[in-house]
Amino acid sequence: MTVYDRKTIEELIDGTIEFYKLKEMLSNFKDRDRFDKYISILQERVPWDDPILLPAGLHLYIVQKPDGQRIVKCDCGHEFCDYRDNWKLHALIHVRDTEEKMAELYPKLLAPDPQWQVIREYYCPNCATQLEVEAVTPWYPVIKDFEPDIDTFYTEWLQKPLPGSKG
Amino acid sequence: MAIREEELYRKNKFPIGWDGKTLKQMRMEIDEISRATGHYAGLKELPFKEAEPIRYEKIFSKLRGGVVHARETAKKVAASPIVEQEGELCFTLYTPEGDSIVTSTGIIIHVGTMGAAIKYMIKNDYEDNPGIEDGDIFCNNDCQIGNVHPCDVHTIVPIFYDGELIGWVGGVTHVIDVGATAPGSMTVGPVTRYDDGYQVACRKIGANDTLFKDWLIESQRSVRTTKYWLLDERTRLAGCHMIRDLVLDIVNEEGIEAYKQFIREVIEDGRRGFINQVKTLLIPGRYRQVSFVDVPYKNLDVPPYAKVDTIMHAPTEVIVHKDGKFEIDFEGVNRWGWHSYNATPVSITSGIWVMMSQTLIPNDRVNDGAYYASQFDLPYGSWLNPDDIRTAHSYAWHFLVSAWSPLWRALSRNYFARGYLEEVNAGNANTSNWLQGGGYNQFNENHAVNSFESAAEGVGASAVRDGISHAAAIWNPEGDMGDMEIWELAEPLIYLGRSIKPNTGGYGKYRGGSGYETLRLVYGAKDWTMFFMGNGYISSDCGLMGGYPAASGYRFEAHGTDIKERIEKRLPIPTGGDPDPDNPQYETVMNAKEVVRDKQSITTETIFENYDLYLNYLRGGPGFGDPLERKPHMIEADLNEGHLLPRFAESVYGAVVYQDETGTYKVDVEKTAQRRQEKRRERLKRGVPVKEWMKQEREKIINKEASVQVQHMYASSFGLSEKFFNEFKSFWSLPADWVLKEEELDMPTFGVKIKRN
């Protein structure tokens with residue numbers, strides 16, 4: 001069975017992994033204990049203690065609060081909302097809907113035309129990290145990207161108790 | 001007497017299926033038992049695999065090795081660079097019912113499309129008329145039967161053993177011309193099926209392993225590039241016959257009963273393997289995402305009813321079920337249109353397997369097992385399941401590849417959450433531009449071109465490293481840009497440059513792979529036309545987790561240049577790329593009667609004279625993560641290797657850069673950290689709480705403030721899906737009486753009212 005040491009997973013998270021090691025990871029069978037190692041490294045790195053149930057994106061986590069609530073939280077500590085809600089609705093937004101705003105990103109002619117498409121940037125209201133970008137037509141509803149079934153994942157697929165639970 | 005003999009012959013001949021059954025009976029039985037049991041062919045156990053695993057694997061390896069070997073050998077028979085250089089071919093082995101057993105490398109989307117053609121022949125009683133016999137050869141390229149676009153031509157050969165049909169082998173190549181209204185294989189001009197070119201609907205084209213003379217004559221009179229057509233056909237036939245021989249050798253060695261059991265078990269094995277992969281790599285739940293592509297037809301030279309600016313819409317919801325089943329729902333997708341970017345269900349489902357084989361099932365077990373473990377919801381009447389036989393499909397890929405880009409994002413959220421960061425891919429490039437055209441070439445032959453340089457675009461960024469630049473295309477897992485020298489032989493277009501296109505990969509902590517561009521000079525052509533085909537007004541991906549979408553496209557062409565005189569006088573001429581369209585350089589070393597640089601990246605035929613210029617700009621991939629987290633040394637490399645124009649180092653990455661005494665770009669790490677802090681403060685200042693912004697946006701919707709193309713997209717989605725319309729209204733809290741219909745827009749609505757069920 002494939003197993004990687006903790007250092008390798010840390011290198012993967014940090015983007016410092018050596019190319020051939022990475023290529024081997026892509027080609028090889030997956031290591032079954034990856035999730036456990038990954039979560040424990042992420043947990044060690046965040047400045048708060050709420051147990052991480054699932055990463056919801058780069059810098060974003062679904063965590064278990066002491067009162068049993070599951071919320072979406074940024075690694076800076078900002079708490080967005082219940083995990084069943086859409087965290088983007090609680091973020092800051094900047095919409096690039098003019099040629100001038102597009103020109104900060106792309107040379108002339110390489111940007112989308114705002115009459116056809118706009119670029120929406122979603123920031124954490126606390127640390128200002130750009131957490132997601134949407135390139136959509138005007139009027140498009142804010143997309144709810146991710147609605148995981150955490151209970152089935154842990155209890156049936158991983159066959160392990162949820163972090164923070166007594167089981 | 002003659003009539004009675006014929007009747008007797010027919011009576012004795014049929015049926016050709018197993019155990020005295022017709023193929024139609026076999027097809028129905030497989031469907032019924034698979035549906036009732038949830039296992040392919042009702043196989044709750046795999047007795048052959050479990051009892052004799054080594055023998056089972058040996059048969060699989062022989063078949064897989066054989067189909068790959070046939071593909072590699074057949075490739076050498078081809079003359080078309082599309083096949084010989086790009087590898088635009090594949091071969092697949094099927095059960096008698098048309099379910100795929102094993103496929104070669106190559107354009108494996110046709111695992112499904114050729115299976116659909118076989119199923120069509122079964123459904124339409126080909127067994128009875130025109131008959132299916134040992135040595136027969138069939139051809140199909142009809143999209144509404146089973147194809148992506150007409151230039152993917154199928155050759156299908158039945159395999160008989162001891163009087164019984166034991167399977168089929170199909171081979172497909174992307175041919176260079178199908179006799180459509182304009183030269184090239186994926187033309188823009190067609191807006192109906194009748195413009196799409198030569199379409200062969202599952203026709204018997206040979207018997208006794210010999211092509212019929214009338215077929216050879218008719219098919220060559222129907223296309224422009226007869227030499228390539230003929231050699232591509234030989235390519236397909238050679239591969240099919242190699243595989244047929246291989247199967248018969250295996251049957252002779254292993255016994256027919258073992259073979260029959262094997263082909264059933266290997267598909268059920270594929271189904272189980274797919275579910276296992278889903279449970280290993282994904283997380284149960286729902287994943288939503290969207291993509292778009294522009295159809296700027298208002299000013300194109302097309303029929304009046306097709307003169308519409310619109311947007312194609314692909315909202316997708318990936319549902320990973322508790323039991324590991326995988327579902328993709330396209331509810332909300334919009335209506336088909338009078339353009340050649342419509343797709344058929346088999347092309348979208350089969351294309352998804354091409355993508356999956358590069359991520360979720362990255363092995364050689366690509367067969368119909370995965371199909372049996374999945375569900376696709378493809379709304380009838382939409383661009384991916386048209387309800388009208390008139391629809392055109394010649395460039396279905398225009399949106400297919402973009403419609404799959406969100407699926408990468410859905411899967412990547414899973415991989416990211418489970419820690420398989422090496423598998424994350426922010427999405428795929430819109431694989432354009434497609435340089436196409438034709439006329440009389442440098443050899444004075446009636447000729448068409450379709451540059452397959454677009455088989456090498458920028459790959460999406462991963463969560464570990466940048467996407468690979470100018471390297472791949474979603475539709476051909478083994479794609480290659482091809483050698484310039486080969487393209488110059490095939491096309492009367494000389495290369496004046498081939499270089500990385502800066503700022504085309506989506507920015508991010510890890511950027512998408514860059515695209516590239518080639519400048520071509522028309523030389524030696526007569527009566528020559530070309531056109532452009534790519535996304536211009538829209539970028540069809542989003543980027544992932546803070547990364548930006550890849551750049552969109554534009555076109556550059558120049559007519560009536562003085563390059564001939566400049567060459568004679570040994571003066572500078574345009575070479576290399578067009579790296580910064582804000583500061584055009586070609587015009588400084590050339591005079592031209594007309595220079596076009598605009599966002600209209602889809603055009604119909606334009607006349608090109610010798611010494612005219614055409615810029616072929618290939619797109620980049622989307623980015624991953626916040627660009628302010630990009631490591632300074634990576635920004636330095638981007639600047640020094642030509643992936644990034646210097647002024648964007650600051651505006652996008654917050655980098656403070658300078659050039660050392662050798663002209664090499666350096667990033668001042670300390671000042672960059674300070675600048676990035678300022679940029680974060682700027683974000684907080686300009687950022688608006690989403691719920692406040694929604695109030696402003698809601699007012700715009702109520703007042704219908706949006707361009708007509710945007711409104712048209714929504715109106716056609718609303719017209720197809722009440723669910724999407726209600727969700728839209730609910731999200732924006734719109735008044736109950738708010739509606740938006742195509743009829744109220746100032747544009748043609750030809751064909752809107754036809755709704756078939």
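None of these values were measured; they are calculated from a predicted model. All chains are named by letter (A, B, ...) in the order of the sequence lines, taking the proteins before the strands, and each is independently numbered beginning at 1.
Of the two parts of B/Glu422, the backbone and the side chain both hold a non-hydrogen atom closer than 4.5 Å to a non-hydrogen atom of chain A. The parts of B/Phe416 that come within reach of chain A are both its backbone and its side chain, each placing non-hydrogen atoms under 4.5 angstrom from that chain. Contacts of B/Tyr653 with chain A are absent, with no heavy-atom separation under 4.5 Å from either backbone or side chain. Contacts between A/Tyr123 and chain B at a heavy-atom distance below 4.5 Å involve the side chain alone, from C-beta outward. With a 4.5 Å cut-off on non-hydrogen atoms, B/Ser730 does not touch chain A at all. Heavy-atom distances place no part of A/Ile150 under 4.5 Å from chain B, backbone and side chain included. With a 4.5 Å cut-off on non-hydrogen atoms, A/Leu89 touches chain B through its backbone and its side chain both. For A/Ile9, no part sits under 4.5 Å from any heavy atom of chain B, backbone or side chain. Interface remark: A/Tyr38 contributes side-chain atoms only to the contact with chain B (heavy atom separation under 4.5 Å). The parts of A/Leu105 that come within reach of chain B are both its backbone and its side chain, each placing non-hydrogen atoms under 4.5 angstrom from that chain. Of the atoms belonging to A/Ile143, it is side-chain heavy atoms, and not backbone ones, that fall under 4.5 Å from chain B. With a 4.5 Å cut-off on non-hydrogen atoms, B/Tyr287 touches chain A through its backbone and its side chain both. For B/Leu421, the parts sitting under 4.5 Å from any heavy atom of chain A are the backbone and the side chain alike. Contacts between B/Val278 and chain A at a heavy-atom distance below 4.5 Å involve backbone atoms as well as side-chain atoms. Interface remark: A/Asn126 contributes backbone atoms only to the contact with chain B (heavy atom separation under 4.5 Å). Contacts of B/Asp598 with chain A are made by backbone atoms alone, with heavy-atom separations under 4.5 Å and no side-chain atom involved. For chain A, no part of B/Pro362 is nearby; none of its heavy atoms comes within less than 4.5 Å. For A/Lys37, no part lies near chain B; criterion is any non-hydrogen pair under 4.5 Å. For A/Pro125, the part lying near chain B is the backbone, with the side chain staying farther off; criterion is any non-hydrogen pair under 4.5 Å.
The most heavy-atom pairs under 4.5 Å with chain B, out of A/Thr129, A/Leu54, A/Ile119, A/Ile39, come from A/Thr129. Of the listed residues (A/Ile41, A/Thr152, A/Ile17, A/Leu158), the one with the most heavy-atom contacts under 4.5 Å to chain B is A/Thr152. For the set A/Thr137, A/Asp113, A/Asp31, the entry with the most heavy-atom pairs within less than 4.5 Å of chain B is A/Thr137. Annotation: maximal heavy-atom pairing with chain A below 4.5 Å, among B/Ser707, B/Ala417, B/Gly547, B/Ser540, occurs at B/Ala417. Annotation: maximal heavy-atom pairing with chain B below 4.5 Å, among A/Arg32, A/Lys23, A/Glu11, occurs at A/Arg32. When the candidates A/Lys88, A/Lys144, A/Glu134 are compared by the number of heavy-atom contacts under 4.5 Å with chain B, A/Lys144 comes out ahead. The most heavy-atom pairs under 4.5 Å with chain A, out of B/Asn503, B/Val652, B/Ile701, come from B/Ile701. Among A/His94, A/Glu156, A/Arg34, A/Arg120, the residue with the largest count of heavy-atom pairs under 4.5 Å with chain B is A/Arg34.
A/Trp157 places no side-chain N or O within 3.5 Å of a backbone atom of B/Thr280 that could act as its donor or acceptor partner. The backbone N or O of B/Ser539 sits less than 3.5 Å from a side-chain atom of A/Gln117, completing a donor-acceptor pair. Remark: the backbone N or O of B/Gly546 is paired with a side-chain donor or acceptor of A/Gln130 at under 3.5 angstrom. B/Arg680 places a side-chain N or O within donor-acceptor distance of the main-chain N or O of A/Cys127, the cut-off being under 3.5 Å. A donor-acceptor contact shorter than 3.5 Å is absent between the side chain of A/Glu147 and the backbone of B/Gly285. No side-chain donor-acceptor contact under 3.5 Å links B/Lys691 to the backbone of A/His90. With hydrogens and angles ignored, the 3.5 Å screen pairs no side-chain donor or acceptor of A/Lys30 with any backbone N or O of B/Gln277. In terms of modelled atom types and a separation under 3.5 Å, the side chain of B/Ser651 and the main chain of A/Glu104 share a donor-acceptor contact. Side chain of B/Asp582 to backbone of A/Lys108: a donor-acceptor contact under 3.5 angstrom is found.
Annotation: side chain of A/Leu92 is not in contact with side chain of B/Trp693 (no heavy-atom distance under 4.5 Å). Contact of the B/Val290 side chain with the A/Val136 side chain is registered, since non-hydrogen atoms from C-beta on lie closer than 4.5 Å. Within the 4.5 Å cutoff, the side chain of B/Gln289 has no heavy atoms near those of the A/Asp145 side chain.
Using the six-membered ring where Trp is involved, B/Phe292 and A/Tyr140 have ring planes that are perpendicular, over 60° apart on the 30 and 60° scheme.
For the pair A/Trp116 and B/Val710, the tightest heavy-atom approach, listed with the atom from each and the gap, is O-CG2, 4.0 Å.
In summary, B/Arg683 and A/Glu121 do not engage in a salt bridge, as defined by a charged side-chain N under 4.0 Å from a carboxylate O. Note on A/Glu132 versus B/Arg413: salt bridge recorded, some NZ/NE/NH1/NH2 to OD/OE distance being below 4.0 Å.
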